[in-house]
Amino acid sequence: MESNSDLIDLVRDEFLKLHGRNDRMVIVRSPGRINLIGEHTDYNEGFVLPSAIDRAIYLAVAPARGFEVTITSLDFKDDMRFDSREPSRSDSTWANYMIGIVDQLSRAGHPVKGFNCVYAGDIPIGSGMSSSAAVEVGLAYGLDRIFSLGIGRTELARIAQRSENEFVGVRCGIMDQFANLLSKGDSALYLDCRSLDYVHIPFVKKDLKFVLCDSGVKHSLASSEYNLRRQQCEAGVQILRKYHPQVRSLRDVNLEMLQRHESELGSTVYKRCTYVAEENMRVDSARRYLNQNDYAGFGELLYKSHEGLREKYEVTCMELDVLVEAASKIQGVLGARMMGGGFGGCTLNLVEGESAREFEREIREVYVQKTGKIPQIYECVLTPGTDVVPD
Ligand code: GLA
């Protein structure tokens, strides 16, 4: 099943213990996500192909008296109180993901009153499955429901993204929040990050599995290098725009333009921009392969994406490269690549169902042998996006 009934019972019971019964309480399931392909393309107004998965944050949320907000994190065994009219940055990182939402709702013209929230989840933190977007969106969605704010899903995604950009300080794109809110289940979400137009592409081959291998590396460089990659992409756009005024972002750039201006771009910016242009083309091919049920062709694109992330975008690390290289030699694997921002986290592996057990055994063995670390392995299922859990 896509919901974790133990966690639903847990947040409901803890809410009752802490705040008593409240008929206006809702429980929201807010999922993590994987990204099949289209990495570091979202903030370049390009294309991505993510989906929500069967790991999630569960939040029990209900209005409280006045303007007092109480949020309890059962995973961090911590709580926080503040006045909803004065959301200000806290010393605890987890709290900022929540306070930022209250701040952004108010800036968007939806100031909220007091509320209580108790939450817990089963998305591994720092593994690239977007637990942070799940927390942000889960709260925004819960508040939208209990206060009947009437904000649409696309706008909620934007509000949650702005909260992370401005309050938490990571200049992430829109992919994670959008996938969290607009995924459909058993399908990938093909999203144009400029227009925010999207289509769901059914993933019909049921005997293929998505297996995540967690490198266990949580690189401290991740957010500073992430912001640096964004700057390098923007530097490329500045130069190309002098010659091609129609260029607004790397979305508008092709390989021929890049080659023509290679020396002015300089080798680093040239490599970064080339990766983005190629990755956008790969997402387009991926969509075509999926529509034709060509999963072998689709899998090959995953390897190519990883190669680009390693050689041109330079956001992989030794452990991720070891995992992808090992996967490529195992029977029944159609494709593999690092997933998310990079510098650690998980690899995504597309594996024939009947080979999945043997794959897990072999990859664990190689990883332990080459790095001395034991990888966590998770199989995941594509699920619908955030919603209220039925009573
Ligand atoms: C992180 C960000 C996303 C996206 C990916 C890279 O997950 O939150 O917006 O940029 O990295 O594709």
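Computed from a predicted model, the values in this text were never measured in an experiment. Order of listing sets the numbers, starting from 1, for every ligand and every atom in it. In what follows, residues are counted from 1 in the order of the sequence shown.
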*Would you mind listing which atoms of ligand 1 come within a distance below 4.0 Å of any non-hydrogen atom of Tyr43?*
10 (O)
*What do you reckon, does His40 have a nitrogen or oxygen under 3.5 Å from a nitrogen or oxygen of ligand 1?*
yes
*Near Gly173, which atoms of ligand 1 are under 4.0 Å from a heavy atom of that residue?*
9 (O)
*Write out the residue and atom name of the closest protein heavy atom to atom 8 (O) of ligand 1, then the distance separating them to 0.1 Å.*
Asp176 OD2, 2.7 Å
*Compute the shortest N/O to N/O distance between Ser130 and ligand 1 and return yes if it is under 3.5 Å, no if not.*
no
_Using side chain to side chain contact (heavy atoms under 4.5 Å, CB included), reason through Leu212 and Met339 one step at a time and then give a plain yes or no._
CA-CA 9 Å; Leu212 302 182; Met339 194 184 74; 4.2 Å; yes
*Would you give the length of the straight line joining atom OH of Tyr198 to atom OH of Tyr190, rounded to the nearest 0.5 angstrom?*
15.0 Å
*Mark up the atoms of ligand 1 that fall under 4.0 Å of a heavy atom belonging to Met175, in ascending order.*
4 (C), 5 (C), 12 (O)
*Which ligand 1 atoms, with their elements, are less than 4.0 angstrom from a heavy-atom of Asp42?*
3 (C), 4 (C), 9 (O), 10 (O)
*Salt bridge or not for Glu278 and Lys312, using N-O below 4.0 Å?*
yes
*asked:* For Ile53, is there any backbone N or O sitting under 3.5 Å from a side-chain donor or acceptor partner on Thr383?
replied: yes
*ligand 1 atoms in contact with Gly341 (distance to a heavy atom under 4.0 Å)*: 11 (O)
*Applying side chain to side chain contact (heavy atoms under 4.5 Å, CB included), run through Cys117 and Leu139 and close with a yes or a no.*
CA-CA 8 Å; Cys117 170; Leu139 183 65; 4.2 Å; yes
*Report yes if some N/O of Arg33 lies less than 3.5 Å from some N/O of ligand 1; otherwise report no.*
yes
*Can a salt bridge be assigned to the pair Glu39 and Arg337 using a cut-off of 4.0 Å between side-chain N and carboxylate O?*
yes
_Salt bridge flag under 4.0 Å for residues Glu314 and Arg272_ = yes
*Enumerate the atoms of ligand 1 whose separation from the nearest heavy atom of Gly340 is less than 4.0 angstrom.*
6 (C), 11 (O)
*From CD1 (Ile201) to OH (Tyr289), nearest 0.5 Å*: 14.0 Å
*asked:* Quick check: Glu39 and ligand 1, any N/O pair under 3.5 Å apart?
replied: yes
_Cation-pi check for Phe167 against Arg89: NZ or CZ below 6.0 Å from the six-membered ring centre and within 45 degrees of the axis, yes or no?_
yes
*Per-atom contacts of ligand 1 with Cys172, taking only distances under 4.0 Å to non-hydrogen atoms*: 2 (C), 8 (O), 9 (O)
*How far is atom 10 (O) of ligand 1 from its nearest protein heavy atom, and which residue and atom is that?*
Tyr226 OH, 2.5 Å
